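The chains referred to below are lettered A, B, ... by the order of the sequence lines, with proteins before strands, and numbering in each begins at 1. Bear in mind the structure is a predicted one, so any value in this text is a computation, not a measurement.
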2 protein chains.
Amino acid sequence: MPYFDAASSAPLHPVARQALQASLDEGWADPARLYREGRRARLLLDAAREAAAEAVGCRPDELSFTSSGTRAVHSGIYGSLSGRRRVGRHLVVSAVEHSSVLHSAASHEAGGGSVTEVVVDRTGRVSPDAYAAALRPDTALACLQSANHEVGTLQPVAEVAEACRAAGVPLLVDAAQSLAWGPVEGAWSILAASAHKWGGPAGVGLLAVRKGVRFAPQGPADERESGRAAGFENIPAIVAAAASLRAVRAEAEAESARLRGLVERIRTRVAELVPDVEVVGDPVRRLPHLVTFSCLYVDGETLLHELDRAEFSVSSGSSCTSSTLTPSHVLRAMGVLSEGNVRVSLPLGTPAQEVDRFLDLLPGVVASVRTKLGAPVATAGPADAEEFVVDSLGRLCPIPVIELAKAIGNVPVGGVVTVLADDEAARLDIPAWCEMRGQEYLGEHPAGEGTAYRVRRVS
Amino acid sequence: MPYFDAASSAPLHPVARQALQASLDEGWADPARLYREGRRARLLLDAAREAAAEAVGCRPDELSFTSSGTRAVHSGIYGSLSGRRRVGRHLVVSAVEHSSVLHSAASHEAGGGSVTEVVVDRTGRVSPDAYAAALRPDTALACLQSANHEVGTLQPVAEVAEACRAAGVPLLVDAAQSLAWGPVEGAWSILAASAHKWGGPAGVGLLAVRKGVRFAPQGPADERESGRAAGFENIPAIVAAAASLRAVRAEAEAESARLRGLVERIRTRVAELVPDVEVVGDPVRRLPHLVTFSCLYVDGETLLHELDRAEFSVSSGSSCTSSTLTPSHVLRAMGVLSEGNVRVSLPLGTPAQEVDRFLDLLPGVVASVRTKLGAPVATAGPADAEEFVVDSLGRLCPIPVIELAKAIGNVPVGGVVTVLADDEAARLDIPAWCEMRGQEYLGEHPAGEGTAYRVRRVS
């Protein structure tokens, strides 16, 4: 049963399971106590901290275990912002950070702070120059992911860290997606990560704060974990997290090369096998195990459902798969197609045959979803008017794009199709369709209860 | 190897271990995902929520799983204070709450809120009338533990809840120490608890918020657990927590009766076997498994060390065992002796023989510690002055009390001994000694770099 969503959560690594079970007998006591059981728990905790610190590339006393990657990000951002309050209240983030970073930024802004979101290019990558230009004298903190969780693009962390160092601004790196593959390079100040992304158990995050970084933990005082992670330590899970991080690092070189090959196969073959598909993310500077593509005229939720019926578990950034019915903020920031979006992220050890089976199956699944939706099979047709209006008000993704594709044949080259739509995904997907089909996107304007999107037929 | 510190953390219950291991294979995926692995994880999470809610006595949709009891308390207090900000910013707590509550209160006060600490009597119990009198029109929240974690005294939660209901103030109950034994009675609004206290794994807290209670989660937005507990759910641990709560409840009636007998034996025999000992906490309205006593002229750290050498693991509220060198705030609030303090909290299944062995051993251990410290064996002696000054500046607990006990024989009945001390424990322990020995405590005043404590010899 192929599970292709390691970027959400990886199956428990055998070493994690073994370490967890082995430490259940000794890891339950309070490590702050001086009696025998407490001392044993403390030894386990100290050893786990040493192992994890080595993998992160920091000193053990710089590393705290939090209860999740999300908590590591929250504590890291708030602790740093508070520690540097005298400098100012400006925060810089990239537009494609994980929601834990962006929600922290929103909360900081709601509390009177200011936030700059650095834009990304069409591959999802920030430009180091643009990032450097966002730093100000009152910038308290800058945040950048090591790699994007939805499209796999690596960020230029070392260059951005250098720009931050030059500006005297600490850089927090969200390394959740990349830490399994290696330490984060460059002079970062704060690092956050999450064990269940590398096959460790849930309930363990890492927060590393370099010595010398101004840091003031927020929230009620708590003496555990240098005051940076309130609550009783979950030592068996921490032991399992550290042990599995070492284990995946030991396999990282060989496994990343192997998975990179499989991902490359998906990138190439999907574009060949599935018509009207956009493979997104940087083709070279990328995570080894993750690939994302979007299929025109496809409803992401139905596609995921059909893949699940065929026993493939993947995720999607399409609007119809989100609780808010808006496309993923990452795809939006990149300006790429969001409809029929599929993210494939391979767990360690994924057999090549599973990938081949996925590639055998995908074209048929996409075609069947398109047929059900009445997707256009040909866009050519008799041109009978210079202007044509499609009313897609009240219709959800991918219908407005399908209607547009059908209608474009109704105008001559040079003619204009206007799509009326109120679905949020249309704002992203109509321009993306134009880009993919070589038609000219003229822009949007409010129209009644929706928006009018205008497209000129070019070919 | 007798472990008598269940109130800090209980050994993992066999049912917790079994449930944890059984759910490792199915509990690692993201329960928010719609594919097979996600649906399975969601089923486990839902079932655990139903089981835990039944044990708590609330609806499943009122219950969130947090990453610890501390986090449940923090989220509960902040969410409620924020939800009722329009009412006011006054918070009521008892003086003997767990540090997670008192630190939240301190943080609230630092942020401009106001806090009233309701005093307790010598048994550690709040008076419902005193608690009711602390409620004000601008009180946003009241907090009361179900039972005290250091001395085992049950609090009058139902009466206080009724007073809060009448005043329209929500009551948050910290049920960490009692939830294993049964649901909290009375009309509480918010409840917090911690799984590792009942033999569940670390990393799981419970936060129940009754429907209709105004509640505004604080911190960055996060869609998990009704927005009340940020971060990826640790489902295997949650399953283990719920399963073990059911299991300990099934044994609760029989086991509480049995442990209550053992604790009663300790209460009675310690007072008989060890001279100059004060058994503290309510003798009747108490937790079944916990008993606390303090030994005059004994250094708590040495006592714990000697008990640990004899393979007994207990904890202490003495100043010398705390990182801040101050006596436990609970003992201080009760006004009872803190030196040589020992808390015994029996895990489920503790054999009677272990308790007997502890009682056999304790008198000798206490006597040997006293001998090392040069504790007074008799306080009678020739009276040679109406006033006698003992200089204990720079000496730590229990030395000032030992010096006082030795010196009291140097004045005639009616004479006064003044102890100069700068150790924080003296402020609590000198009056407590007077109470125990039937001498008259005259009060304290600043003297040089320390404090002068004056005691009149009465007998």
Side-chain angles (χ1 to χ4, degrees), chain A residues 1 3 5 8-12 17 20-21 24-25 27-30 33-38 66-71 74 77 99-100 103-107 194 196 201-205 219-223 230-237 301 304-305 307-308 311-315 321 323, chain B residues 1 3 5 8-12 17 20-21 24-25 27-30 33-38 66-71 74 77 99-100 103-107 194 196 201-205 219-223 230-237 301 304-305 307-308 311-315 321 323:
Chain A
M1 312 246 278
Y3 174 78
D5 198 20
S8 282
S9 188
L12 198 64
R17 175 188 302 258
L20 184 69
Q21 290 180 342
L24 289 177
D25 282 331
W28 53 270
D30 184 344
R33 299 288 179 186
L34 300 176
Y35 45 66
R36 174 180 72 243
E37 294 85 354
T66 65
S67 60
S68 65
T70 294
R71 287 288 189 188
H74 292 178
I77 292 179
S99 59
S100 59
H103 289 167
S104 296
S107 170
S194 172
H196 75 102
V204 183
D222 190 290
E223 75 280 10
F232 191 80
E233 297 94 339
N234 186 353
I235 294 178
E301 189 170 3
L304 258 54
H305 179 67
L307 286 171
D308 176 52
E311 305 204 328
F312 283 90
S313 300
V314 299
S315 73
T321 63
S323 56
Chain B
M1 312 249 277
Y3 174 78
D5 198 20
S8 282
S9 188
L12 198 64
R17 175 188 302 259
L20 183 70
Q21 290 179 343
L24 288 177
D25 282 331
W28 52 269
D30 185 344
R33 299 289 179 186
L34 299 176
Y35 45 66
R36 174 179 73 243
E37 293 85 355
T66 66
S67 60
S68 65
T70 294
R71 286 289 188 187
H74 293 178
I77 292 179
S99 59
S100 59
H103 289 166
S104 297
S107 169
S194 172
H196 76 102
V204 183
D222 191 291
E223 75 280 11
F232 191 80
E233 297 94 338
N234 186 353
I235 293 179
E301 189 171 2
L304 259 56
H305 179 68
L307 287 171
D308 177 53
E311 305 204 329
F312 284 90
S313 300
V314 299
S315 73
T321 63
S323 55

Next on the checklist: Once rounded to the nearest 0.5 Å, what's the spacing between atom CG of Asp222(A) and atom OG1 of Thr70(B)?
Outcome noted: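 Answer rounded to 0.5 Å: 5.5 Å.
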Checklist entry - What is the distance from atom CG of Asn234(A) to atom OG of Ser68(B), rounded to the nearest 0.5 Å? => result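 Answer for the CG-OG pair, Asn234(A) versus Ser68(B), is 10.0 Å.
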Taking every heavy-atom pair that is under 4.5 Å apart, which of [options] has the most such pairs with chain B?
options: Ser67(A), Ser313(A), Ser315(A); answer: Ser313(A)
options: Arg17(A), Gln21(A), Glu233(A), Arg71(A); answer: Arg71(A)
options: Asp25(A), Val204(A), Leu304(A), Asp30(A); answer: Asp25(A)

Next on the checklist: Below 4.5 Å, heavy-atom pairs only: which of Ala29(B), Gly219(B), Ala10(B) has the largest tally toward chain A?
Outcome noted: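 Winner by heavy-atom pair count: Ala10(B).
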Checklist entry - Who among Gly69(B), Pro220(B), Ser9(B) has the most heavy-atom pairs with chain A under 4.5 Å? => result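 If we count pairs closer than 4.5 Å to chain A, Pro220(B) comes out on top.
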Checklist entry - So which heavy atom on Val314(B) is nearest to which on Tyr35(A), and how close? => result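 Closest approach of Val314(B) to Tyr35(A): O-CD2, 3.3 Å.
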Next on the checklist: Can you give me the closest heavy-atom contact between Arg36(A) and Glu311(B), atom names plus distance?
Outcome noted: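 Heavy-atom minimum between the residues: NH1-CA, 3.2 Å.
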Is [X] in contact with chain B via its backbone, its side chain, both, or neither, using a 4.5 Å heavy-atom distance?
X: Ser99(A); result: neither
X: Pro11(A); result: both
X: Ala106(A); result: neither
X: Arg33(A); result: side chain

Checklist entry - Which bit of Ala230(B) is near chain A, if near means a heavy-atom gap under 4.5 Å: side chain, backbone, both or neither? => result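 Ala230(B) touches chain A through backbone and side-chain heavy atoms alike.
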Item to check | Heavy-atom contact with chain A under 4.5 Å, split by part of Ala221(B) | outcome: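 Both the backbone and the side chain of Ala221(B) come within 4.5 Å of chain A.
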Next on the checklist: Measuring only between side-chain heavy atoms, which start at C-beta, is Leu20(B) closer than 4.5 Å to Leu24(A)?
Outcome noted: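 Yes, their side chains come closer than 4.5 Å.
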Checklist entry - Would you call Ser194(A) and Phe232(B) a side-chain contact if the rule is heavy atoms closer than 4.5 Å? => result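 Sidechains of Phe232(B) and Ser194(A): no contact.
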